[in-house]
Participant: 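Pasting in a structure now, in structure tokens, and then I'll have a few things to ask.
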There are 2 protein chains.
Amino acid sequence: MTEQTAPTTAAGEPPTARGEQTRQLILDTAMRLFQERGYARTTMRAIAQEAGVAVGNAYYYFGSKDHLIQEFYARAQLQHRAAAQPVLDRESEFAARLAGVLHAGIDVLTPSHDFAASFFKTAAEPTSPLSPFSAESSAPRRAAVDLFAEVLDGSTARVDAELRPHLPELLWLAYMGVVLYWVHDRSPQQTKTRRLIDGAVPLVDRLVGLSRLRVLRPVTRQVLDLIRTLRH
Amino acid sequence: MTEQTAPTTAAGEPPTARGEQTRQLILDTAMRLFQERGYARTTMRAIAQEAGVAVGNAYYYFGSKDHLIQEFYARAQLQHRAAAQPVLDRESEFAARLAGVLHAGIDVLTPSHDFAASFFKTAAEPTSPLSPFSAESSAPRRAAVDLFAEVLDGSTARVDAELRPHLPELLWLAYMGVVLYWVHDRSPQQTKTRRLIDGAVPLVDRLVGLSRLRVLRPVTRQVLDLIRTLRH
DNA sequence: CAACGAACTTGAACACGTTCAAGAAGGGCG
DNA sequence: CGCCCTTCTTGAACGTGTTCAAGTTCGTTG
């Protein structure tokens, strides 16, 4: 009984239909309340009450209030992927594909801006399983990195051969930077984030192109060495 | 009485000697306990008890548990400045000065690594006054940016004239990136962060030098345009 | 010196996230 | 049907950050 049998994370799905139904009910209620009132002002008691279950029941399915967020991640990632599809189908130029995918990501997140801002801190904590760098997040992270691999693969961009395998992850990192900026973006409709994307994408595009240039060869090499060092 | 007269932030110093003494006592106790037990496991009750005051008294001086952290920032900044002085006195080359200052920053933070990791999340929250981008943090931020201005001013580096005024802030941003990496760095003694600094500094040095190069002129221009756009 | 008021201090009380021992539901098996 | 075991559900209770009405201290002023 000391063993943890309950599916406290998204990893373990409830084995029965009854469980799955309750789990979804709690999750939907939580997401709705988060969007309505924000993360901090949504209490676990309120979630339980609105869902018509006991407080402890929510903890049977989700290890903590924070774990509910991980579910939000997963959903957002799926929506991002879906929203990016038309762009990937339509565009063939690297810059257009990258801009489209970045904008799609922000599109998906926009309705949750206020709520995202308040939960973002949890994601930033290194010890938290919610950190995008954590082991628990490796599945969604991989999915996200894969998305940027598609951006690159489907494009006509010519990239330095050594740089290419690392580029998807670097693009994902850049996306994390955009999200970080977006979370802090207080401009109406987060228009500044849109400008950041539109300004940064041609820059990245140009840099990627220049990576094959002779003068920059040593720099490219230096960057790759650093990446390799930091990855062990 | 509904008006907030208490100095809940570092901005308002207690007007009397008695107040100042109590404030320092609470602060010192809190810092000690944070280092000993970590942030999360240090309760406000424990701080108050160890300091020999009532819980509410701590809240008279510090608006919240998080506000105690802001004080930690201020102290760390001062220590960073002091630790960087010898480097600034000794070195004249840009790369050496930058590396020295970055290492000095990590030196100062190292004893607090565990504790820093747990409080970092608070800093990441956009709505929090603790965010390094917030208005409340503008004083320490300016001090930090000034430090990097010194790194540049005292150096023999030749920098693109347009880029130069923006460079201190960009270097500070890079430093924030290093700190972000450091916080997540689980390697023993955070050696990977040291390698990151040693690897990234020559890179930055080279890029700064290349900024004056003809081929890169458009890129430099593009970066500067973007920065200006994002700053309104 | 006595009265006043600002500065400071107190600790009980509140709301919230979380835990856990106890029980209910449901279904497989003899 | 009766038994048993897993799955699921409950809600009281705990520890925490935070608030606040009430009290104390102490320099200033008439």
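All chains are named by letter (A, B, ...) in the order of the sequence lines, taking the proteins before the strands, and each is independently numbered beginning at 1.
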Participant: If only side-chain N and O atoms of A:Thr43 are considered, is one of them under 4.0 Å from the OP1 or OP2 phosphate oxygen of C:dA15?
Facilitator: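 A:Thr43 to C:dA15 OP1/OP2: no side-chain N or O under 4.0 Å.
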Participant: Which pairs, with at least one residue in residues 35-61 of chain A and sequence neighbours excluded, count as a salt bridge (charged side-chain N to carboxylate O under 4.0 Å, His left out)?
Facilitator: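 Sorted pair list: A:Arg32-A:Glu36, A:Arg32-A:Glu50.
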Participant: Quickly work out the B:Phe62 CZ to D:dG17 C1' distance and round it to whole Å.
Facilitator: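 Value for this atom pair: 16 Å.
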Participant: Please identify each residue that fulfils ring pair (Phe, Tyr, Trp, His ring centres under 6.0 Å) with A:His103, with sequence neighbours left out.
Facilitator: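 Not a single residue meets the ring pair (Phe, Tyr, Trp, His ring centres under 6.0 Å) criterion with A:His103.
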Participant: Please name all residues satisfying ring pair (Phe, Tyr, Trp, His ring centres under 6.0 Å) with B:Tyr175, sequence neighbours left out, ordered by chain then number.
Facilitator: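 B:Tyr175 satisfies ring pair (Phe, Tyr, Trp, His ring centres under 6.0 Å) with B:His80, B:Phe148 only.
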Participant: Please name all residues satisfying salt bridge (charged side-chain N to carboxylate O under 4.0 Å, His left out) with A:Glu169, sequence neighbours left out, ordered by chain then number.
Facilitator: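 Testing A:Glu169 for salt bridge (charged side-chain N to carboxylate O under 4.0 Å, His left out), a comparison that skips the adjacent residues, returns A:Arg231.
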Participant: Tell me if the centroids of the rings in B:Phe115 and B:Phe72 come within less than 6.0 Å of each other.
Facilitator: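 Yes, the ring of B:Phe115 comes within the 6.0 Å limit of the ring of B:Phe72, centre to centre.
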Participant: It should be established whether B:Tyr60 places a side-chain nitrogen or oxygen under 4.0 Å from OP1 or OP2 of nucleotide C:dT9.
Facilitator: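 No, B:Tyr60 has no side-chain N/O under 4.0 Å of OP1/OP2 on C:dT9.
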Participant: Whole angstroms only, please: what is the CD-P distance between A:Gln24 and D:dC8?
Facilitator: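 After rounding, the gap between these two atoms is 14 Å.
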Participant: Enumerate the residues from residues 25-37 of chain A whose closest heavy atom to DNA chain D is under 4.0 Å, giving them by residue number; use none for an empty result.
Facilitator: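 Per residue number, the list is empty: none.
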Participant: Would you mind reading off the distance between B:His67 atom NE2 and D:dT18 atom P, rounded to a whole angstrom?
Facilitator: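 To the nearest whole Å, that distance equals 10 Å.
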Participant: Applying salt bridge (Lys or Arg N to Asp or Glu O under 4.0 Å), run through B:Arg195 and B:Asp198 and close with a yes or a no.
Facilitator: CA-CA 5 Å; B:Arg195 290 207 203 105; B:Asp198 293 333; over 6 Å; no
Participant: With each end axis built from five pairs of C1' atoms, what bend angle do you get for the helix from C:dC1-D:dG30 to C:dG30-D:dC1? Round to 10°.
Facilitator: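 The value is 20°.
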Participant: Got a sec, which residues hit side chain to side chain donor-acceptor pair (under 3.5 Å) with B:Gln189, two or more places apart in sequence or on another chain?
Facilitator: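 Side chain to side chain donor-acceptor pair (under 3.5 Å) list for B:Gln189, sorted by chain: empty.
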Participant: Could you state the OH-P distance from B:Tyr61 to D:dG17, rounded to the nearest angstrom?
Facilitator: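 The answer, rounded to whole Å, is 20 Å.
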Participant: Identify all pairs in which a protein N or O lies below 3.5 Å from an N or O of nucleotides 18-20 of chain C, and state each distance.
Facilitator:
unit_1: C:dT18; atom_1: OP2; unit_2: A:Tyr59; atom_2: OH; d: 2.8
unit_1: C:dT18; atom_1: OP2; unit_2: A:Lys65; atom_2: N; d: 2.8
unit_1: C:dT18; atom_1: O5'; unit_2: A:Tyr59; atom_2: OH; d: 3.4

Participant: Roughly, in whole Å, what's the span from CD in A:Gln21 to C1' in D:dT9?
Facilitator: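 Rounding to the nearest Å, CD of A:Gln21 and C1' of D:dT9 are 14 Å apart.
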Participant: Quick test of your reading: applying salt bridge (charged side-chain N to carboxylate O under 4.0 Å, His left out), list the pairs with at least one residue in residues 100-113 of chain A, sequence neighbours left out, ordered by first then second residue.
Facilitator: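 The answer is A:Asp107-A:Arg194.
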Participant: Under the rule for side chain to side chain donor-acceptor pair (under 3.5 Å), what residues qualify as partners of B:Asp28, not counting sequence neighbours?
Facilitator: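 Residues passing side chain to side chain donor-acceptor pair (under 3.5 Å) with B:Asp28: B:Arg75.
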Participant: Is the shortest side-chain N/O distance from A:Thr22 to OP1 or OP2 of D:dT9 below 4.0 Å?
Facilitator: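 Checking D:dT9 against A:Thr22, a side-chain N or O does come within under 4.0 Å of OP1 or OP2.
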Participant: Checking B:Thr42 now: which residues fulfil side chain to side chain donor-acceptor pair (under 3.5 Å) with it, not counting sequence neighbours?
Facilitator: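 Per chain and number, B:Thr42 pairs via side chain to side chain donor-acceptor pair (under 3.5 Å) with no residue.
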Participant: Residues in ring pair (Phe, Tyr, Trp, His ring centres under 6.0 Å) with A:His166, at least two apart?
Facilitator: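 With neighbours one apart ignored, the set is empty.
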Participant: Between C1' on C:dC16 and CD on A:Gln49, what's the gap in Å once rounded to a whole number?
Facilitator: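 Result: 14 Å.
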